[in-house]
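Here's the structure, in structure tokens; my notes come after.
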Amino acid sequence: MAQPNYNINSLIIFCFTTLFVITGTGAVLVTELHSHGHGGSELKKLFVFGDSYADTGNCRKSVTGSWKPPYGITFPGKPAGRFSDGRVLTDYIASYLGIKSPIAYKWRKSVTRSQLQYGMNFAHGGTGVFNTLVIEPNMSTQVKLFQQLLEEEKVYTRQDLNSSIALVSLAGNDYATFLFKNGNLQNLPSLTISIVSQLVMNLKSIQNLGVERIVVTGMEPMGCLPQLSAFSSYKNCSESWNSASIFHNQILQQELQKLNSIERDNSAFITLDLYSAFMSALKMQPHHSGNSELRSSLEPCCVGVSDKYSCGSVDEKGEKKYTVCKNPELSIFWDNIHPAQNGWHAVFSALKSSPSLLKLH
Ligand SMILES: *[C@@H]1O[C@H](CO)[C@@H](O)[C@H](O)[C@H]1NC(C)=O
Ligand SMILES: *[C@@H]1O[C@H](CO)[C@@H](O)[C@H](O)[C@H]1NC(C)=O
Ligand SMILES: *[C@@H]1O[C@H](CO)[C@@H](O)[C@H](O)[C@H]1NC(C)=O
């Protein structure tokens with residue numbers, strides 16, 4: 001792959017707002033739903049790992065915007081630890097499976113037993129497979145927390161895991177961190193290979209703990225995130241970052257094919273094609289998404305009033321240093337990195353009609 005030119009400034013910002021959540025799930029879920037229907041006696045359990053695209057409340061309140069207004073204004077109506085105005089990928093996948101969104105790991109001891117029946121969410125915003133700039137557990141540590149829960153806290157039995165699904169989200173914090181630390185993305189191919197191999201090790205560990213199906217997100221078009229399209233006034237996606245996403249997805253696909261070829265049913269590991277799904281969500285609303293003040297569907301709804309601030313920022317006097325668009329329910333992007341609920345809705349609609357899902361029938 002040609003070595004793209006990466007803009008260092010874009011990267012730094014990318015890092016600081018490094019609140020990605022990773023999620024992934026899909027095709028498998030569909031089949032299950034079709035065979036058992038909603039509300040059957042055998043409820044699926046969903047275990048979630050990764051970053052901000054999947055986190056529903058694990059990140060600590062002191063470090064993240066997800067617990068501050070205006071996050072959560074659409075759902076649940078106040079900040080609740082989701083990196084969006086409302087629902088995120090995890091919520092859509094749980095709903096597709098006919099279950100409630102699994103409880104965040106952090107809250108496991110303050111809820112009733114019955115609230116644990118849908119599984120658990122270990123995803124932490126800002127994390128990657130390697131350590132990033134946030135002090136939150138990386139993916140292998142998240143898997144260890146899951147293992148401890150099974151072995152020490154004995155919340156779930158082996159049988160419980162029999163019909164369970166894991167959703168694993170990896171949205172790019174490892175790339176952003178590498179760029180931040182090294183100033184460039186030289187040797188991108190070897191970086192991608194090391195990220196994907198670590199990811200694959202984590203997927204195997206999750207499988208070894210007894211989870212039946214594992215759904216992992218492919219990389220979204222990183223170059224279309226507002227953080228990067230801002231350099232073209234939200235007119236164009238960054239092609240070099242998008243090619244990095246494409247390369248990541250090629251390597252991931254190859255590795256998962258290898259893994260699946262040694263499985264009995266050939267679909268233990270499923271990829272969610274977030275790249276195409278984001279692209280089709282953006283194409284459906286090419287102009288201003290009904291928000292006349294936004295220039296294009298690449299422009300986020302909630303932004304800082306200047307470069308110093310971001311969505312959710314307040315100054316020393318507690319005054320708001322961000323603006324929110326009039327109609328978040330029509331935006332694709334909520335902040336510089338994260339889709340709005342409407343964006344996730346559009347992305348999930350695209351995923352539902354993707355071949356990877358249909359293949360399972
Ligand atoms: C994950 O984090 C733990 C604790 O910081 C660290 O020991 C481990 O090396 C990290 N894993 C990877 C793959 O970087
Ligand atoms: C898991 O479920 C399958 C089919 O329902 C069953 O054949 C198998 O014995 C179960 N395995 C465990 C460990 O419960
Ligand atoms: C966006 O892309 C188009 C087509 O490649 C190009 O002509 C245009 O100059 C770009 N605009 C900006 C602001 O980069």
Side-chain angles (χ1 to χ4, degrees), residues 2 4-11 13 15 18 20-22 48-52 54-55 58-60 63 105-106 122-149 166 168-182 187 190-209 214 216 221-243 245-246 248 251-252 255 278-279 282-283 286-288 294-300 333 336:
N5 282 324
Y6 292 92
N7 181 318
I8 177 72
N9 293 325
S10 69
L11 286 175
I13 308 177
C15 274
T18 188
F20 271 110
V21 175
I22 294 186
V48 185
F49 304 88
D51 54 20
S52 60
D55 189 354
N58 281 314
C59 257
R60 68 196 83 183
V63 296
Y105 171 77
K106 185 184 183 173
F122 298 86
H124 285 71
T127 64
V129 291
F130 300 118
N131 288 342
T132 57
L133 302 177
V134 298
I135 321 166
E136 299 285 333
N138 61 32
M139 195 184 286
S140 17
T141 305
Q142 293 173 23
V143 176
K144 272 203 194 105
L145 296 175
F146 179 44
Q147 184 174 3
Q148 279 166 14
L149 191 84
V168 180
S169 166
L170 193 69
N173 291 317
D174 293 296
Y175 289 100
T177 302
F178 185 89
L179 187 63
F180 181 77
K181 289 188 174 158
N182 298 282
N187 298 323
S190 64
L191 173 62
T192 298
I193 287 165
S194 67
I195 290 172
V196 172
S197 353
Q198 182 58 47
L199 173 62
V200 165
M201 277 191 255
N202 293 333
L203 300 179
K204 286 193 209 154
S205 310
I206 295 169
Q207 186 186 43
N208 288 338
L209 291 171
I214 297 164
V216 57
M222 290 190 278
C224 298
L225 299 180
Q227 193 71 64
L228 292 158
S229 69
F231 296 97
S232 67
S233 303
Y234 306 112
K235 287 202 182 71
N236 292 335
C237 300
S238 153
E239 283 182 25
S240 52
W241 276 95
N242 278 0
S243 47
S245 294
I246 290 170
H248 176 99
I251 302 293
L252 178 61
E255 292 304 311
F278 269 63
M279 285 309 200
L282 289 166
K283 232 177 267 158
H287 300 303
H288 48 65
L294 300 188
R295 282 164 283 186
S296 78
S297 58
L298 294 172
E299 185 161 0
F333 287 109
N336 274 334

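All ligand and atom numbering here is 1-based and tracks the order in the structure. Here, residue 1 is the first one in the sequence, and each next residue gets the next number.
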Return a yes/no value: protein heavy atom under 4.0 Å from [atom]?
atom                    : result
atom 11 (N) of ligand 3 : yes
atom 14 (O) of ligand 3 : yes
atom 5 (O) of ligand 1  : yes

Hey, which atoms in ligand 1 end up nearer than 4.0 Å to a heavy atom of [X]?
X      : value
Asn131 : 1 (C), 2 (O), 5 (O), 10 (C)
Phe130 : 13 (C), 14 (O)
Thr141 : 1 (C), 2 (O), 3 (C)
Ser140 : 11 (N), 13 (C)

Item checked: Interfacing atoms of ligand 3 (cut-off 4.0 Å, heavy-atom, Asn236) -> 1 (C), 2 (O), 3 (C), 8 (C), 10 (C), 11 (N), 12 (C), 14 (O)
Margin query: Under a plain distance cut-off of 3.5 Å, with no hydrogens placed, do Ser205 and Asn208 share a side-chain donor-acceptor pair?
Written below: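 No, because no side-chain N or O of Asn208 sits under 3.5 Å from a partner of the opposite role on Ser205.
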Measuring from atom [atom1] of [X] to atom [atom2] of [Y], what distance do you get when rounded to the nearest 0.5 angstrom?
X      : Y      : atom1 : atom2 : value
Glu255 : Lys204 : CD    : NZ    : 8.0 Å
Leu133 : Thr127 : CG    : OG1   : 12.0 Å
Asn242 : Ser229 : CG    : OG    : 10.0 Å

Notebook entry, point to check: Does any N/O atom on Gln198 come nearer than 3.5 Å to any N/O atom on ligand 1?
Noted result: no
Notebook entry, point to check: Looking only at protein heavy atoms, which one is nearest to atom 9 (O) of ligand 1, and how far off is it?
Noted result: Asn138 ND2, 4.9 Å
Next item on the list: Taking Thr132 for its side chain and Gly126 for its backbone only, find out whether a donor-acceptor pair lies under 3.5 Å.
Entry: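 A pair under 3.5 Å: yes.
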Notebook entry, point to check: Should the pair Phe122 and Phe49 be assigned to parallel (<30°), tilted (30 to 60°) or perpendicular (>60°) ring geometry?
Noted result: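 Taking Phe49 first and then Phe122, their aromatic rings lie parallel (interplane angle under 30°).
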Margin query: To check you understand the geometry: which heavy-atom pair defines the closest contact between Gly50 and Met139, and what is its length?
Written below: CA-CE, 4.3 Å
